[in-house]
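What follows is a single structure, written as structure tokens, with notes after it.
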Amino acid sequence: MSLQRRGYACISLLTGRSTNHTCTLRTASPERLRALIQQNLDELRAILEHNLEHGWRLFRIGSSVIPFGSHPVNQIAWWREFERELQSIGAFARENGMRLSFHPGQYTVLSSPDPLIVERAVAEIAYSARFLGALGLDARHKIVIHLGGTYGDKPAAMNRFSDTIARLAPELRQRLVIENDERSYTPADALAVSRRTKLPVVFDNLHYISNPGEGDVDELLGDVFATWHTRDGAPKVHFSSQAAGSRIGHHSADVDPAEFKAWVECWSAHGDFDLMLEAKNKDLALLELEKNL
DNA sequence: GGAAGTCAAGTCTCG
DNA sequence: CGAGACTTGACTTCC
């Protein structure tokens with residue numbers, strides 16, 4: 001098997017730790033924000049140490065690791081105030097061959113026709129890139145984004161997305177990777193945007209199942225893996241199972257080992273890759289899965 | 001201390 | 001055209 005690394009997102013259920021502690025906008029104060037940042041960094045370190053014990057070398061950092069990290073309410077120069085902690089966490093990750101990432105949510109939309117929304121999306125990406133930079137991690141440590149809305153004209157939206165990418169500072173652009181989604185953008189769409197932007201493509205199995213688009217899956221995977229170059233690190237994929245009886249696209253608590261094996265076999269045909277497990281049960285689901293491999 | 005209500009943000013669908 | 005879903009946890013308020 002060519003699998004290199006496995007990991008999960010944001011929260012460790014086994015240790016009860018999270019990188020996502022935050023507050024509401026109303027209650028945000030510099031003191032409150034500093035305390036939350038400190039807590040999130042402490043728990044991030046603890047999670048990485050826990051992950052190392054299990055051999056999990058992939059981890060997604062929660063987008064509120066710095067609460068309101070791209071919002072004007074947060075004026076803290078956290079990259080300076082917490083420089084020592086950040087450097088130390090980053091060194092731990094590097095020394096242990098770990099790969100960290102961000103995945104901004106549904107509100108980060110680079111394809112929007114509204115320049116203000118694009119500006120806010122860029123701010124979110126800039127904050128995420130600054131965090132990974134403050135850890136001292138290179139461009140193999142990625143920020144995964146979706147292509148956003150279609151606004152009734154998908155080609156036009158893809159053009160706006162590509163134009164915005166072209167205008168980004170290189171230190172932001174080099175971190176970005178694009179993912180196929182469950183309703184609008186298929187892997188083939190992501191590949192088309194990748195040809196224009198040179199951004200690598202993350203393949204998500206569950207999104208593919210609900211929104212496969214055109215093309216043979218094996219051919220698509222070959223093209224998707226080829227979008228990753230040495231400077232980007234190994235190709236990344238997202239794996240999850242559909243929650244039974246739930247809406248299409250809803251992540252299940254755990255994952256089906258047989259389905260996992262089938263996808264891993266599929267991906268392995270195209271070379272090494274890193275796998276992010278997206279399950280409600282987080283590291284608990286990963287542990288259960290590995291028991292059954 | 002537990003339960004219920006609320007939360008920065010965008011897009012899309014439905015009524 | 002406005003409300004709610006999406007997806008989701010965690011914070012905040014209320015009792």
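Protein chains get the first letters and strands the later ones, always in sequence-line order, with residue 1 at the start of each. Here the structure is a predicted model, which means the values were calculated and not measured.
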Please tabulate, one pair per line, each protein N/O and nucleotide N/O from nucleotides 11-15 of chain B that are separated by under 3.5 Å, including the distance.
unit_1  : atom_1 : unit_2  : atom_2 : d
dT11(B) : OP1    : S112(A) : OG     : 3.1
dT11(B) : OP1    : Y151(A) : OH     : 2.4
dC12(B) : OP1    : T150(A) : N      : 2.6
dC12(B) : OP1    : T150(A) : OG1    : 3.2
dC12(B) : OP1    : Y151(A) : N      : 3.4

Donor-acceptor pair, [X] side chain versus [Y] backbone, under 3.5 Å?
X	Y	result
H141(A)	L132(A)	no
K236(A)	L275(A)	no
T164(A)	R160(A)	yes
S112(A)	D114(A)	yes

Roughly how many Å apart are [M] and [N], using the [atom1] atom of each and rounding to a whole number?
N	M	atom1	result
dG2(B)	dT7(C)	P	31 Å
dT11(B)	dA10(C)	C1'	24 Å
dT8(C)	dA3(B)	P	23 Å
dT13(B)	dG9(C)	C1'	25 Å
dA9(B)	dT12(C)	P	16 Å
dT6(B)	dA3(C)	P	15 Å
dT13(C)	dA8(B)	P	12 Å

**Asked** Between F82(A) and R34(A), is there a cation-pi geometry (under 6.0 Å to ring centre, at most 45° from the normal)?
**Response**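 Ring-cation test returns no.
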Do [X] and [Y] get their side chains close enough for a donor-acceptor pair, meaning under 3.5 Å?
X	Y	answer
E43(A)	Q39(A)	yes
Q38(A)	D42(A)	yes
T186(A)	D189(A)	yes
N180(A)	H146(A)	no
S70(A)	E124(A)	yes

Could you write out each protein N or O paired with an N or O of nucleotides 13-15 of chain C at a distance under 3.5 Å?
unit_1  : atom_1 : unit_2 : atom_2 : d
dT13(C) : OP1    : R26(A) : NH2    : 3.0

Whole-Å gap separating [atom2] ([N]) and [atom1] ([X]):
X	N	atom1	atom2	value
D204(A)	dT7(C)	CG	P	12 Å
E119(A)	dA9(B)	CD	P	16 Å
Q39(A)	dA10(C)	CD	C1'	11 Å
L25(A)	dT12(C)	CG	C1'	14 Å
I125(A)	dG10(B)	CD1	P	14 Å
R120(A)	dG10(B)	CZ	C1'	9 Å
D181(A)	dT7(C)	CG	P	11 Å
L284(A)	dG9(C)	CG	P	14 Å

For [N], take OP1 and OP2 only and decide whether either is under 4.0 Å from a side-chain N or O of [X].
X	N	value
R17(A)	dA10(C)	no
H71(A)	dA9(B)	no
S18(A)	dA10(C)	yes
T24(A)	dT12(C)	yes

**Message:** Centroid separation under 6.0 Å, is that true for the rings of F203(A) and W263(A)?
**Reply:**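 Yes; F203(A) has its ring centre under 6.0 Å from that of W263(A).
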**Prompt:** Given dT7(C), dC11(C), dA8(B), which nucleotide is nearest the side-chain atoms of H21(A)?
**Reply:**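 Between dT7(C), dC11(C), dA8(B), the one nearest the side chain of H21(A) would be dC11(C).
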**Prompt:** Of the nucleotides dA10(C), dA8(B), dC11(C), which has the atom closest to the I11(A) side chain?
**Reply:**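 The closest nucleotide is dA10(C).
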**Request:** Return yes when atom CZ of R57(A) has more than 12 non-hydrogen atoms of other residues, nucleotides or ligands closer than 6.0 Å, and no otherwise.
**Result:**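 For R57(A), atom CZ is crowded (more than 12 foreign heavy atoms under 6.0 Å).
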**Item:** Ring-base stacking, Y107(A) with dG10(B) (5.5 Å, 30° cut-offs)
**Value:**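 Taking the rule of under 5.5 Å and under 30°, the ring of Y107(A) does not stack on dG10(B).
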**Item:** Secondary-structure string, 5' to 3', Watson-Crick or G-U under 3.5 Å, | for another-strand partners, for DNA chain C
**Value:** ||||||..|||||||
**Message:** Between K280(A) and C23(A), which residue's closest nucleotide on DNA chain C lies nearer the 5′ terminus?
**Reply:**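 The residue whose closest nucleotide sits nearer the 5' end is K280(A).
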**Asked** When you look at R140(A) and D232(A), which way does the salt bridge (charged side-chain N to carboxylate O under 4.0 Å, His left out) test go after all the steps?
**Response** CA-CA 4 Å; R140(A) 289 172 297 179; D232(A) 298 310; over 6 Å; no
